[in-house]
Amino acid sequence: DKLKETPGGKNFFEKYNDLYHRDPAEAYALYGYECGRVAVEAIRQAGVAIKDFPGVTGTWSFDANGDTTQQEIFGITVRNGDFVFVKKLTVPR
């Protein structure tokens with residue numbers, strides 16, 4: 001796997017294996033990790049928290065602690081290999 005050959009990829013796989021004792025099962029785990037890292041870095045460099053972001057889950061912001069203001073999430077299960085909506089959940093504050 002070519003991703004294991006880059007310094008960052010090698011580091012990711014080593015840390016993942018140290019924690020979970022296996023390679024990630026999902027092929028896109030590394031890309032998700034990278035997206036999260038670059039988003040955090042962009043926010044850090046900008047020095048301004050995101051406010052009123054028009055996301056796919058609704059409009060949300062980061063509060064002063066860096067937590068999302070989004071309080072609704074969706075409960076989903078897998079049935080016969082398909083992701084199926086179960087219900088909307090509200091995260092208590």
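Across all their heavy atoms, Pro24 and Phe12 have their closest contact at CG-CE2, 3.8 Å.
Take Thr68 and apply the side-chain contact (heavy atoms from CB on, under 4.5 Å) test, not counting sequence neighbours, and it matches Trp60, Gln70. When the side-chain hydrogen bond (donor to acceptor under 3.5 Å, both in side chains) test is applied to Glu14, no partner is found at least two apart in sequence or on another chain. Scored by the side-chain contact (heavy atoms from CB on, under 4.5 Å) test, Asn11 finds Lys15 as partners (sequence neighbours excluded). With sequence neighbours excluded, the residues satisfying side-chain hydrogen bond (donor to acceptor under 3.5 Å, both in side chains) with Gln45 are Glu41.
Here Thr59 contributes atom OG1 and Lys51 contributes atom NZ; the two are 14.0 Å apart, rounded to the nearest 0.5 Å. In this structure, CG in Asp63 is found 5.0 Å from CG in Asn65, a value given to the nearest 0.5 Å. One finds the CG atom of Leu30 at 11.5 Å from the OH atom of Tyr16 (value rounded to the nearest 0.5 Å).
Around NZ of Lys10, the count of heavy atoms belonging to other residues, nucleotides or ligands within 6.0 Å does not exceed 12.
The cluster map of Ile, Leu, Val, Met, Phe, Trp and Tyr, joined by side-chain heavy atoms under 4.5 Å apart, puts Phe13 and Leu19 in the same cluster. Both Phe53 and Ile43 are assigned to one and the same hydrophobic cluster, defined by single-linkage of ILVMFWY side chains at heavy-atom distances under 4.5 Å.
Among residue pairs with one or both ends in residues 16-25, those qualifying as salt bridge (Lys or Arg N to Asp or Glu O under 4.0 Å) are Lys4-Asp23; sequence neighbours excluded.
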Ignoring hydrogens and angles, write down the donor-acceptor pairs under 3.5 Å from the side chains of residues 82-91, residues two or more places apart or on other chains.
none

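For Ser61 (side chain) and Thr69 (main-chain N/O), no donor-acceptor pair under 3.5 Å exists by modelled atom type.
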